[in-house]
Amino acid sequence: MIRLLPDEVVDRIAAGEVVERPAAVVKELIENALDAGASRIAVRLEAGGRRLIRVEDDGEGMTPDDLEKVFLRHATSKLRDVEDLFHIASLGFRGEALASIGAVSRTQIMSRPDGAAEGALVANDGGKVLPPKPAGCPPGTAVEVRNLFYNVPVRSKFLKTEATELSHCMESVTRFALSHPGIGFTLLHNGREVFRVEQNTGLKDRISAFFDKKVAEALIPVNKELLGIHLEGFLGRPELGRRDMRRSYLFLNDRFIRDRAVHAALRRADREVMPEKFHPVYFLKVGMPPDWVDVNVHPTKIEVRFLDGARVFSAVHKTVAEALAGGEKFSSAAGPPDSPSYAWRPGKSFGSMEPRGDAGPAVREAPCPGNLSFTSGASTPDRTMAAADETAPESPEVRPSRSGRILQVHETYAVFETPSGLGIVDQHALHERILYEDLRKEYEGGGIRLQKLLLPVTVDLEPARAARVSEICFALNHLGIRAEASGERGIKVSAVPALLKNSDPHALVSEVIDRVAEGGMGEDAYRGLLFSLACRAAVKAGDRLADEELLALLERAEQIAYSGRCPHGRPTMVHLSLAELEVMFKRRGF
Ligand code: ADP
Ligand code: MG
């Protein structure tokens, strides 16, 4: 027999979708507060949110009439008709959060519209709604959710420890604090303040408040509109890359979302500077007209569907790639990963050299090193202009100064004077990047130029690999190494990439063979192969280089993208400014 379920059961089933743990309640209540135009939001938790979640705001409040309907399913003030669904500008719109939360807890709402003489209170006791009654309260709204899941033991059992639930709640508040830097937030747990951020601070300040200094100091700003899509925020420098996505913050029209395509676009832009398997750190706000995106595809609205996913992908990819190519230019590669404490800190080095007055926290936004380019003058227009245009502060030139003197140190590093300090280059890392960029340009631009060998060389394959000789030859030819099967298990090589003509063809071929034997041959694999070719062919630590050779390297660096990092993501150069030297030698402020 088919029966209609009683409302009570329907409510509890629905609650399971929206309210899966305390953090979900925190999220829904903060969304409501923001939709109500709050400028300050205070969250108070007890026992990881299990015993109490209280969210108080100074928003527009609700009249007793509103309060009467507040717990009804599909009761909302944010949507009128179906058309509205495609122009959603509020965070909520489904009108079911409070109904769901009320069904699985003991909830009380106190609210008072601005200007009303007094407020009112409604309660929902596990689905039983009590009518509003007058109550004294300040303007705004306070929602109190007690004993979450007290009437749904299965749910309750799935909750984790207090500490774990608290950390989820913190993450939830953090996301809002980042997406709404204008709003003040406080979070208290068991009576103790966990954090507080004041109103009207910038995103950068919020990032500094929530994450360790290393993160805040290694950010590259982005601010650009492309294809009608606005991107704003900060990209973490590659050295922040993580094995998880916990610092990948994406906000779409001020709503935190997860989106595989956008993340993939960021990763693709990043892959020139970030080792594989790592996820980029970013705090990125994507803005687009509300009718370009359907936010109504997921109960908690954490996933969305773009009308034109390809457009979003390319806008994100292009913008981020440009910002990184600019930010990862030669000069600005972060400093040594573990800088000794007396030395400069990555990211701090190129800021204004003036001593800072006490102009308040905003000064921390001072010129970000991320957008310096290798020189202030000629750099390849296609990749660096955009980033330079928007933010370039007074970029110090980080090229050998006029003297042109250069010193090779331990046959590994080149040290030279720059107009504003001292540059140190890792000769292998830089050469590797240059070769890779050149190879890649040829590869992507229709083919790698070949250089015929005077005498063909033959490389023997191990028996296990001989079976794959045609696959290997195909890959080799694709990469500009002219090769054909020869004899039982040999490969005859008659030409190599012109760019790599000085390297040992044996070494190049063996490198490719190893790689092909290891993995598939997708586009990414070819990139990997170009990496390894560049790595093989690049000068090594231990190679003695003449001054002219070193200078030529530095000159080339000015012309290519990503010159600040080798293809494996290591910095190619470290720069010490005069100001930093002065600090180190205590010439200043001693
Ligand atoms: P939705 O947010 O999807 O509309 P909710 O169940 O979260 O659904 O809230 C129902 C309605 O209650 C909202 O549309 C809004 O009118 C009102 N409301 C909820 N919380 C607040 C608040 N903090 N301040 C003012 N109004 C609120
Ligand atoms: Mg809501």
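Order of appearance sets the numbers: ligands from 1, and atoms from 1 within every ligand.
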> For ligand 1, is Lys78 a contact, meaning one of its heavy atoms is under 4.0 Å away?
yes
> Of the protein's non-hydrogen atoms, which lies at the shortest distance from atom 20 (N) of ligand 1, and what is that distance?
Asn32 CB, 3.2 Å
> In ligand 1, which numbered atoms sit nearer than 4.0 Å to a non-hydrogen atom of Val70?
12 (O)
> Do you know the tightest heavy-atom contact between Val262 and Asp259?
N-OD2, 2.8 Å
> Taking a cutoff of less than 4.0 Å between a non-hydrogen atom of the residue and any ligand atom, is Gly95 in contact with ligand 1?
yes
> What protein heavy atom is closest to atom 4 (O) of ligand 1, reported as residue, atom name and distance in Å?
Thr76 OG1, 2.6 Å
> So if I count the atoms of ligand 1 from 1 in the order they appear, which ones are less than 4.0 Å from some heavy atom of Phe93?
1 (P), 3 (O)
> Would you name the heavy atoms of Ala265 and His317 that are closest together and state the gap between them?
O-CD2, 3.6 Å
> Would you name the heavy atoms of Asn190 and Glu46 that are closest together and state the gap between them?
OD1-CA, 3.2 Å
> Side chain, backbone, both or neither: which part of Ala75 has a heavy atom under 4.0 Å from ligand 1?
backbone
> Confirm or rule out an N/O/S atom of Asn32, from backbone or side chain, lying less than 2.8 Å from the Mg ion (ligand 2).
yes
> Would you mind listing which atoms of ligand 1 come within a distance below 4.0 Å of any non-hydrogen atom of Gly92?
2 (O), 3 (O)
> Could you check atom 6 (O) of ligand 1 against the protein and tell me its nearest heavy-atom contact, residue, atom and distance included?
Leu98 N, 2.9 Å
> Regarding ligand 1, does Ala97 bring an N or O atom to under 3.5 Å of one of the ligand's N or O atoms?
yes
> Quick test: of every protein heavy atom, which one is nearest to atom 14 (O) of ligand 1, and how far off is it to 0.1 Å?
Ser77 N, 2.9 Å
> Apply ring pair (Phe, Tyr, Trp, His ring centres under 6.0 Å) to residues Phe211 and Tyr249 and explain how you reach the verdict.
CA-CA 12 Å; Phe211 306 101; Tyr249 287 92; 5.8 Å; yes
> Please indicate whether any nitrogen or oxygen in Gly61 is less than 3.5 Å from any nitrogen or oxygen in ligand 1.
no
> List the atom of Val26, the atom of Ser172, and the distance in Å for their closest heavy-atom pair.
CG1-OG, 4.0 Å
> If you take all heavy atoms of Pro289 and Gly228, which pair is closest and at what distance?
CD-O, 4.2 Å
> Under 3.5 Å between some N or O of ligand 1 and some N or O of Asp35?
no
> Numbering the atoms of ligand 1 from 1, which are under 4.0 Å from a heavy atom of Ala36?
24 (N), 25 (C)
> Check whether the ring centres of Tyr282 and His263 lie less than 6.0 Å apart, and answer yes or no.
yes
> Of all the heavy-atom pairs spanning Ser248 and Pro280, show the shortest one and how long it is.
OG-O, 3.0 Å
> For ligand 1, which part of Asp57 has a heavy atom less than 4.0 Å away: the side chain, the backbone, both, or neither?
side chain
> Which of these, Glu96, Glu60, Lys301, Met62, has its nearest heavy atom closest to atom 27 (C) of ligand 1?
Met62
> Ring pair (Phe, Tyr, Trp, His ring centres under 6.0 Å) for Phe195 and Phe210? Distances and angles first, verdict last.
CA-CA 9 Å; Phe195 58 69; Phe210 288 111; 4.8 Å; yes
> Please check if the number of heavy atoms outside Arg40 that lie under 6.0 Å from its CZ is greater than 12.
no
> With distance as the sole test, does Arg155 use its side chain to make a donor-acceptor pair with the main-chain N or O of Phe149 at under 3.5 Å?
no
